[in-house]
Amino acid sequence: MTTDQIITRFPPSPTGYLHIGGARTALFNWLFARQRGGKFILRIEDTDRERSSEQATRAIIESMEWLGLDWDEGPYFQSERYDIYNSYIERLIESGQAYHCHCTPEELDTRRAEAKAKGLKPKYDGLCRDLGLGPAPGSVVRLKTPQSGMTQFHDFVKGTITFKNEELDDLILKRSDGSPTYHMAVVADDISLGVNYIIRGDDHVNNTPRQILIYKALGEPIPHYAHVPMILGADKTRLSKRHGATSVLAYRDMGYLPHALLNSLARLGWSYGDQEKFTREELIEKFSLENVGKSAGVFNAEKLLDLNAWYIKESSNESLAGQLKPFLKGLGIEDLDERRLLGAVGTLKERSKTLIEMAESARFYFQKNLQYEENADKKFLTPDVMDLLEDIKGRLNGMAEFSKVELEEIFTLFLDEKKIKLGKIAQPLRVALTGRTVSPGIFEIMEVLGKEEVLDRLSRVIEYIRAK
RNA sequence: GGUCCCAUCGUCUAGCGGUUUAGGAUACUGGCCUCUCACGCCGGAGACACGGGUUCGAUUCCCGUUGGGACUACCA
C-alpha cells in the first residue's frame with residue numbers, strides 16, 4: 001500500500017502583515033496536515049522584490065507562532081530558489097511545451113487594445129508561438145497552451161470546475177529580467193516540495209487551470225485542490241485596512257487569546273453541526289474539507305469577543321496571569337506580587353472579555369493611594385456610612401483567618417446586628433477598596449487584597465470622608 | 001465586457017426531497033438571579049433573493065433572472 005504522506009503548504013507573500021483571511025487559510029492547511037499525519041510547509045513568496053519586506057516576513061512568522069501554527073518545513077523563500085524554477089522552464093522549452101517570445105509589452109498593449117476594439121478576447125495572440133525563436137535580450141518564455149479542449153479539476157469544496165482551454169492564453173513563465181512568474185514559481189515549488197493538497201482562497205480558482213496546464217506540460221501529477229471562500233468585510237467587500245482590525249497581531253494586541261481567534265476563524269466557513277467551541281485537538285480531529293461552506297463570509301468580531309470571554313473564563317489563573325503581564329506593564333504596573341496577581345485574575349476572569357479589559361479592571365489591586373472616581377465618591381462616600389465603615393474595620397481587624405468564607409460570616413453577623421441589607425454598605429465599601437462602583441464581589445476582593453491592605457484602605461477612606 | 005465562483009435570521013451557520021410551526025451561535029430585547037458589573041438561567045423578535053420547471057411533495061434537484069465576489073498583468 002503506497003499511502004503518500006499528505007503535504008500542505010501556506011505561501012504568504014511578505015507584502016504586509018498576516019491578515020485573518022490568510023491566517024484562516026494557514027489554519028485549514030495546518031489542520032488538514034495535522035489530522036492526516038501529514039506535513040505542513042511554510043513558504044514565503046517574495047519574488048516581487050519591490051513590494052516584499054523583511055519586516056512583513058517577520059510579522060507573518062510572529063503571527064503564525066502566536067497562533068501556534070507550527071510548520072514542519074521552511075520557511076522557504078522563493079527568492080532563493082530561482083535555479084529550481086529555471087530548471088523547470090528549461091525542461092518545458094526542451095520538450096517544446098514552452099517557447100521564447102519577443103513581443104514587447106508595448107506591442108502587446110496595442111494588439112490587446114485592437115483585439116478588444118474588435119470585440120475579441122484580449123489574450124495573447126500567439127504571434128511567436130510557432131516561430132521557433134531563441135532567447136534574446138528582453139524576450140520572455142511562454143507556455144504553449146492547448147488551444148482546444150477542456151481543463152477540468154475536482155475541488156474539494158466547490159465540486160467539479162471546468163474551463164475551456166480557448167479561454168486561457170499562453171501565459172508567461174519567465175519574465176524578460178529572467179525571473180519566474182507567479183504561476184511558474186508556485187507550480188515548480190509545489191512539485192519540488194511534494195505538495196499534494198493545495199488549500200487556498202477561492203480567488204485562485206481562475207488560476208488553477210493555468211497551473212494545471214503547467215503540471216501537464218511537465219508531466220507531473222496534479223495535486224488535489226480545495227478553494228475556500230474568502231473572508232469579507234462588514235460591507236461584503238474584500239477585506240482591507242478600512243475594515244478595522246484585520247491583522248492577526250492586532251488581535252493579539254487587543255487582548256485576544258490565540259485560541260479564541262483560531263476557533264473563530266475555524267468556524268468562519270467551516271462547521272461541525274451546531275458545535276461552536278472546539279479545543280485544538282477537536283479542531284484537528286473534526287476538521288474536514290467537505291464541511292467547508294461554499295460562500296464567502298463576513299468576519300464577525302462580536303462573536304470573537306464572546307468566544308474570547310469564554311476562553312478567558314476557562315483558562316487557568318496561572319496561564320492568564322502570564323498572558324496578562326504585558327498588558328499590566330502597558331499600564332505601568334510592574335514588579336507585582338505574584339500571589340495577588342493570581343488572586344486578582346481569579347476574580348476578574350469571568351467578567352473580562354479581553355486581556356486589555358482585564359488589565360484595566362485589575363489596576364486597583366496594585367495601586368496605592370486610590371483615586372476615587374468622582375461620581376462614586378459623591379454618591380457613596382458620604383458621612384452617613386462612616387460609622388458603619390468604622391465598625392466593620394474594627395471587626396475585620398479582629399479576624400484571624402481573612403478568607404472569603406470567614407468574611408461572609410462576619411458580615412452576616414454585622415448586617416444582622418445593624419439591621420441593614422448588604423446593599424446599604426456594599427457600594428461604599430467597593431468604592432473604598434477599588435475607587436470604583438464596578439468590581440468583582442467585595443468578599444473576593446478583600447480576600448485577594450489581604451487583611452492589612454483592606455484595613456489600610458478603610459482607614460484611608462474614613463480619613464477622606466472625615467476631611468470632606 | 002469575457003470566464004469562473006457564490007446566494008438560509010444583521011452576522012457566522014445547521015439543513016444534504018417529506019421527521020421543519022426552518023435548528024444553533026452571536027448581536028438586539030423582556031424577565032429571573034444579585035453587594036455593583038459580568039456570568040448564568042428562562043422568554044421574545046429576526047432568514048430560505050426572485051421566477052420558472054422536475055416531483056405526490058421543494059429551503060433542499062435543474063434552468064433562468066437579479067445581486068455579490070474573484071480572475072482577466074512581464075502582481076502574488
Side-chain angles (χ1 to χ4, degrees), chain A residues 11-15 45-48 50-52 78 101 103-105 108-109 112 116 119-123 138-142 155 157-159 161-164 166-169 171-183 185-186 201-210 227 229-230 232 234 236-238 264 267-277 291 293-307 309-310 313 348-353 357 361 376 380 411 415 421-431 434 436-443 445:
Chain A
S13 63
T15 55
E45 307 210 326
D46 58 348
T47 53
D48 184 347
E50 295 284 298
R51 299 196 300 147
S52 298
Q78 286 192 326
C101 169
C103 300
T104 65
L108 258 21
D109 280 346
R112 247 196 296 267
K116 240 179 161 172
L120 298 170
K121 292 180 198 315
K123 62 178 204 176
S139 71
V140 301
V141 175
R142 286 183 185 272
D155 190 285
V157 347
K158 308 264 185 197
I161 300 177
T162 308
F163 290 83
K164 293 192 188 78
E166 62 196 56
E167 300 293 341
L168 280 13
D169 62 358
L171 79 172
I172 292 174
L173 302 176
K174 185 181 190 171
R175 298 187 189 103
S176 53
D177 69 356
S179 63
T181 56
Y182 163 71
H183 291 293
V186 166
D202 71 4
D203 48 335
H204 286 286
V205 168
N206 289 289
N207 290 330
T208 305
R210 299 171 218 284
H227 287 97
M230 310 200 60
L232 273 22
K236 302 228 181 196
T237 64
R238 194 177 186 146
S264 133
R267 277 290 285 105
L268 210 194
W270 172 78
S271 61
Y272 188 80
D274 282 340
Q275 189 171 343
E276 296 282 348
K277 299 183 180 90
N291 287 327
K294 295 177 176 207
S295 50
V298 176
F299 181 67
N300 191 178
E302 291 168 332
K303 211 163 170 172
L304 167 62
L305 189 60
D306 180 70
L307 265 183
W310 193 81
K313 208 179 328 166
L348 256 17
K349 67 180 182 183
E350 65 179 59
R351 32 174 60 86
S352 305
K353 289 181 188 295
E357 202 183 303
S361 308
F380 297 111
F411 268 78
L415 297 175
K421 299 253 193 199
L422 181 57
K424 166 82 178 157
I425 195 64
Q427 283 303 77
L429 207 45
R430 190 182 314 281
V431 177
T434 73
R436 311 206 233 180
T437 55
V438 172
S439 82
I442 49 174
F443 302 123
I445 293 174

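Below, all heavy atoms of this structure are taken into account, side chains as well, without hydrogens, waters or symmetry copies. Residue numbers begin at 1 in each chain, while the letters A, B, ... track the order of the sequences.
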Need one value for A:Gly293: base, sugar-phosphate or nothing, where a base atom within 4.0 Å counts as base even if backbone is also close, heavy atoms only. nothing
Side-chain donor or acceptor of A:Arg351 under 3.5 Å from a matching atom on the base of B:C39? no
Take the protein atom CD1 of A:Ile161 and the nucleotide atom C1' of B:C5, then report the distance between them rounded to whole Å. 7 Å
Using a 4.0 Å heavy-atom cut-off, does A:Ser352 contact any base of the nucleic acid, only the sugar-phosphate backbone, or nothing at all? nothing
A:Leu232 CG to B:U13 P, in whole Å, measures 11 Å
What protein N or O atoms touch nucleotides 71-74 of chain B N or O atoms at under 3.5 angstrom, if any, and at what distances?
unit_1	atom_1	unit_2	atom_2	d
B:C71	OP1	A:Arg238	NH1	3.2
B:C74	O2	A:Ser176	N	3.0
B:C74	O2	A:Ser176	OG	2.9
B:C74	N3	A:Ser176	OG	3.0

Touch class at under 4.0 angstrom, heavy-atom based, for A:Ser13 against every strand present: sugar-phosphate
Taking NZ, NE, NH1 and NH2 as the nitrogens, is one of them in A:Lys303 or A:Asp306 under 4.0 Å from a carboxylate oxygen of the other? no
Quickly work out the A:Ile442 CD1 to B:U36 C1' distance and round it to whole Å. 9 Å
The side chain of A:Lys158 lies closest to which of these nucleotides: B:C5, B:U8, B:U26? B:C5
Expressed as a whole number of angstroms, how long is the span from A:Leu348:CG to B:C37:P? 16 Å
If you only use heavy atoms from C-beta on, which nucleotide in B:C5, B:C4, B:A76 is closest to the side chain of A:Arg51? B:A76
Want to settle it: does A:Val205 or A:Trp310 sit nearer the 5' end of RNA chain B, counting the closest nucleotide to each? A:Val205
Enter the distance from A:Ile442:CD1 to A:Gln427:CD here, rounded to the nearest 0.5 Å. 8.5 Å
Between the side chains of A:Lys123 and A:Glu167, is the shortest nitrogen-to-carboxylate-oxygen separation below 4.0 Å, so that they form an ion pair? no
Whole-Å gap separating P (B:A70) and CD (A:Glu167): 20 Å
Rounded to the nearest 0.5 angstrom, the CZ-OG distance for A:Arg51 and A:Ser13 is 6.5 Å
Now, which nucleotide makes the Watson-Crick or G-U wobble pair with B:G40, with each of the two distances under 3.5 Å? B:C32
If pairing requires Watson-Crick or G-U wobble contacts with both distances under 3.5 Å, which nucleotide is the partner of B:C4? B:G69
Out of B:C37, B:A7, B:G2, which has the shortest distance to the side chain of A:Val438? B:C37
With a non-hydrogen cut-off below 4.0 angstrom, is A:Asp48 in contact with a base, only sugar-phosphate, or nothing? sugar-phosphate
What contact category does A:Glu350 fall into here, base, sugar-phosphate, or nothing, at under 4.0 angstrom with non-hydrogen atoms? base
Would you mind reading off the distance between A:Lys294 atom NZ and B:C4 atom P, rounded to a whole angstrom? 15 Å
Please give, in whole Å, the distance from B:C6 C1' to A:His227 NE2? 15 Å
Kindly give the atom pairs (protein nitrogen or oxygen, nucleotide nitrogen or oxygen) under 3.5 Å for nucleotides 18-24 of chain B.
unit_1	atom_1	unit_2	atom_2	d
B:G23	N2	A:Asp274	OD1	2.8
B:G24	N2	A:Glu276	OE2	2.8

Under 4.0 Å protein heavy-atom contacts per nucleotide of nucleotides 43-49 of chain B, with B for base, S for backbone only and - for none: -------
CZ/A:Phe163 to OG1/A:Thr208 distance, rounded to the nearest 0.5 angstrom? 7.0 Å
When all nucleic acid strands are considered with a 4.0 Å heavy-atom cut-off, which category describes A:Thr47: base, sugar-phosphate, or nothing? sugar-phosphate
Contact class for A:Pro229 (heavy atom, under 4.0 Å): base, sugar-phosphate, or nothing? nothing
Check every strand shown and say whether A:Leu422 touches a base, only sugar-phosphate, or nothing at a heavy-atom separation below 4.0 Å. base
What is the nucleic acid contact for A:Gly441, judged by heavy atoms within less than 4.0 Å: base, sugar-phosphate only, or nothing? base
Against the side chain of A:Arg430, the closest entry in B:U36, B:C12, B:C4 is B:U36
How is A:Ser439 classified with respect to the nucleic acid when contacts are heavy atoms under 4.0 Å: base, sugar-phosphate, or nothing? base
Within the structure shown, what part of the strands sits under 4.0 Å from A:Phe443 by heavy-atom distance: base, sugar-phosphate, or nothing? base
NA contact type, A:Lys313, heavy-atom cut-off 4.0 Å: base, sugar-phosphate, or nothing? sugar-phosphate
Distance col, row A:Glu50:CD vs A:Thr15:OG1, nearest 0.5 angstrom, shows 12.5 Å
Partner nucleotide, any strand, of B:C16 [Watson-Crick/G-U, under 3.5 Å]: none
Can you tell me how far the CG atom of A:Leu173 sits from the CZ atom of A:Arg142, to the nearest 0.5 Å? 9.5 Å
Value for NZ (A:Lys174) from OG (A:Ser139), rounded to nearest 0.5 Å, stands at 8.5 Å
Need one value for A:Arg436: base, sugar-phosphate or nothing, where a base atom within 4.0 Å counts as base even if backbone is also close, heavy atoms only. nothing
Can you tell which of A:Glu45, A:His204, A:Arg210 makes a side chain to side chain contact (heavy atoms under 4.5 Å, CB included) with A:Val186? A:Glu45
Using whole Å, report how far CG of A:Leu415 lies from P of B:C35. 10 Å
